[in-house]
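Worksheet for the structure shown next.
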Amino acid sequence: MRDKSLFKFLTIGLLALWLGIFVLIPNLMIVVTSFLQRSEEHFVDVLFTVENYRKLFDPVYFGVFAHSTLLALVATLLCLLIGYPFAYRLARLTTRWRPVLLVLVIIPFWTNSLIRTYAIKTILATKGLLNTVLLALGLIDAPLRLLYTSSAVTVGMVYVLLPFMILPLYAVIEKLDSSQIEAASDLGASRLQAFIRVVIPLTLPGIIAGSLLVFLPALGMFYIADLLGGAKDLLIGNFIKNQFLDARDWPFGSAASVTMTLAMAVILLAYYRSIRRLNSGGI
Amino acid sequence: MARWIRNGYFLLVYLFLYLPILVLIATSFNASKYGTSWQGFSLKWYASLFDNSLLVDAAIRSLIIATLSATLATALGTLSAVCLYRYRFAGRQVLNALLFVMMMSPDIVMAISLLMLFIVLHVQLGFWSLLLAHITFSLPFVIITVYSRLSGFDTRIIEAARDLGAGELRTFLRILLPLALPAVAAGWLLSFTLSVDDVIVSFFVTGPSFEILPLKIYSMVRLGVKPEVNALATILFLVPLLFVTLSQILLRRKK
C-alpha cells in the first residue's frame, strides 16, 4: 500500500504544482494587476484603482474593441457560408476519395499560420497575383489597393481559420441520419423546408463549435492585422500586445485581458448550456 | 448539373486553400526578386537560404523546442490523465477547473500571464521560458486526448491487475500505458503541431537570445518581401507532406 500512496501523491502533486505555477498564479497576477496603477519605474504601483476598467469604455478604446469584434464576426460568418455547403457535400460523398479530400483540408494546418498569412499577403499585394489577373482580364484599369484594408484582414482570418469551421461541421454532418431528412420529405416538406427545419437544427452543435473556433482566435491574432492591415486596423490582440510591449501600461493591458477572458467565458457557458439543452431533446 | 456545381464548388474552396501556398512555392523558384514576372527557373533563393545561417538556426531551434515540449508535455499529460482517471481526491475539481481555464483563455492572455510570471520570477526570456510555456499550452490537449481514451476502458482490468499483485506503478506501466498508447502518440503529434504553429505565446515569452522560426520570419516579412522566406516556406510545406505520404504508402504496404 505504500507504493500506491507514493505514486498517487507524486502524480497529483506534479500536476497540481504545474497548474499552480503556470496557470493559477499567472492568471491571478493579471487579475490583481488590472486593479493597480501604472508606474514608470516598476511596471506597477501597488495602489488600488478601477480606473483601468473605466478607461476601457473611452470611445477611443471602445472603438477598437467594437471594430475587432465586428471583423471577427464577419470572418466567422464568411467561414460558415463557405464551410457549411462544403462540409455538407463532402460528408455526403460516396466515393473512396472522401478521406483524401478531408486530409486535403487539414494539410494547410501543418504550415505555420504566420507563413500562410504571408502567402495571402503576396497574393493581395499591389503587383500580386490577384491584381495581375484582374488587369490581364481587363476587369480593372489600375491595380486595386487590396492590402492594408479591413477586407484584407478579414480574408486573412478566413484563410487561416476556415479548416477550424469545416472540421466540426463535417463531424456532425457525417453522423446525420439521412432517414430523418427522408421522413421530412415524405411528410411533404420541400427540400428547403427540410433543410431549415431538420438539417440545421440537427447540425447546430457543429455550427456553434465551428463558429467559436473561428471567432475566439480571430479576436487575438495580432500578426494577421500587422501583416495585412497595416497600422490602423487594430484587433484586441494588437491592443493588448501594444499595452504590454510598447506603452508599458501593464494594468490597462491586464484589464483588457480580464474583460476579454470574461466575455469568452460567458460565450462558452452559453454554448455549453445550449448543447445541454439540445442533448436533452428540446430544439 | 448539380454534380458540376458541387465539383466546381469543391474546386473553388481547395483553390482558396492552396493557391496562396502554390504561388509561394512557384515564387521560390523564380529568378526574379519580386516575383511579379517569371524570369526563369532558379534555385538561388535556396542557396541564399542555406547561406543565411540565422534562418536555418532558427528553424533548428523551432524543431528542438517542438520535440522537447511535445515529449515532456506528453509525459506529464499522460501521468496527469491517468491520475485524474484513477483517483478521486480533494481538489480534483480545482485541477479540472484550471485545465478548463487554460483551454478557454485566449492565446494572448496566456502569453502575457506567462510573461508576467517569468519577469516576476526573474527567469530570463529564452530557451527555458519558451520550453515551459510550450509545455503548458500543450498540456490540456494531451490530458484530454489520453483521458478520453482511458475512459472507454473496462475498469475491471485494473482490478484484475491489482488482484494479481501489481502495484500502482506496475499497473500504469504494464496495463494503462500500453492500452492508451495510440492516444499518447496522438497527444504527442498534437503537441508538436501546436508548438510549431504557435506565434502568439512565443512572441511574448522568448527573447533575442533564443529566436525561433516564426518570430524570425515575422520580423523579416514585416520589412518587405524576402525571397529566402519563400524558399523556406516551400520546404516547411513539402517536408511534412512527404512524411505523411510516405507513411501512408508504408502502412498500405503492410496491410
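Hydrogens, waters and symmetry mates play no part in the numbers below; they use all other heavy atoms, side chains included. First the proteins, then the strands, lettered A, B, ... as listed; each starts at 1.
Contact annotation for Thr136(B): both backbone and side-chain heavy atoms come within less than 4.5 Å of a heavy atom of chain A. If you measure heavy-atom distances from Ala256(A) to chain B, you find no contacts under 4.5 Å at all. Looking at Leu213(B), there are no atoms closer than 4.5 Å to chain A (heavy atoms on both sides), in backbone or side chain. For a residue to count as touching a neighbouring chain, one of its non-hydrogen atoms must lie under 4.5 Å from one of that chain's; by this rule Ile108(B) touches chain A with the side chain only. Heavy atoms of Phe244(A) lying under 4.5 Å from chain B belong exclusively to its side chain. Contact of Leu104(A) with chain B is made through backbone and side chain together, with heavy-atom distances under 4.5 Å. With a threshold of 4.5 angstrom between heavy atoms, Leu24(A) approaches chain B through its backbone and through its side chain. Within the 4.5 angstrom heavy-atom criterion, no atom of Val94(B) approaches chain A. Heavy-atom distances place both the backbone and the side chain of Phe237(B) under 4.5 Å from chain A. Within the 4.5 angstrom heavy-atom criterion, atoms from both the backbone and the side chain of Leu98(B) approach chain A. Heavy-atom distances place both the backbone and the side chain of Ile21(A) under 4.5 Å from chain B. The part of Leu24(B) that comes within reach of chain A is its side chain, from C-beta onward, which places non-hydrogen atoms under 4.5 angstrom from that chain. At a 4.5 Å heavy-atom cutoff, the contact between Leu139(B) and chain A is made by side-chain atoms alone. Both the backbone and the side chain of Leu19(B) come within less than 4.5 Å of a heavy atom in chain A. Using a 4.5 Å cut-off between heavy atoms, Phe89(B) touches chain A through its side chain atoms alone. With a threshold of 4.5 angstrom between heavy atoms, Val23(B) approaches chain A through side-chain atoms but not through N, CA, C or O. Interface remark: Val258(A) contributes no atoms to any contact with chain B (heavy atom separation under 4.5 Å).
For the atom pair CD1 of Ile107(A) and CG of Leu241(B), the computed distance is 4.5 Å after rounding to the nearest 0.5 Å. To the nearest 0.5 Å, atoms CG (Leu169(B)) and CZ (Phe7(A)) are separated by 6.0 Å. Summarising the geometry, atom CD belonging to Gln243(A) is positioned 10.5 Å from atom CD1 belonging to Ile112(B); distances are rounded to the nearest 0.5 Å. Distance CG/Leu232(B) to CD1/Ile115(A): 6.0 Å, rounded to 0.5 Å. Between atom CZ of residue Phe86(A) and atom CZ of residue Phe10(B) there is a gap of 5.5 Å, rounded to the nearest 0.5 Å. Annotation: the span from Leu236(B) atom CG to Thr111(A) atom OG1 amounts to 7.5 Å, rounded to 0.5 Å.
Side-chain atoms of Ile25(A) and Met116(B), non-hydrogen and from C-beta on, never get closer than 4.5 Å to each other.
In this structure, the side chain of Tyr159(A) engages the main chain of Leu17(B) through a donor-acceptor pair within 3.5 Å.
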Quiz prompt | Check against side chain to side chain contact (heavy atoms under 4.5 Å, CB included), Trp18(A) and Leu132(B) | solution = CA-CA 10 Å; Trp18(A) 196 279; Leu132(B) 291 169; 3.7 Å; yes

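Ranked by heavy-atom pairs shorter than 4.5 Å toward chain B, the options Ser113(A), Gly220(A), Gly20(A) are led by Ser113(A).
Aromatic ring centroids of Tyr223(A) and Phe203(B) lie 6.0 Å or more apart.
By the neighbour-count criterion of 12 heavy atoms within 6.0 Å, atom CZ of Arg174(B) is sparsely surrounded, having that number or fewer from other residues, nucleotides or ligands.
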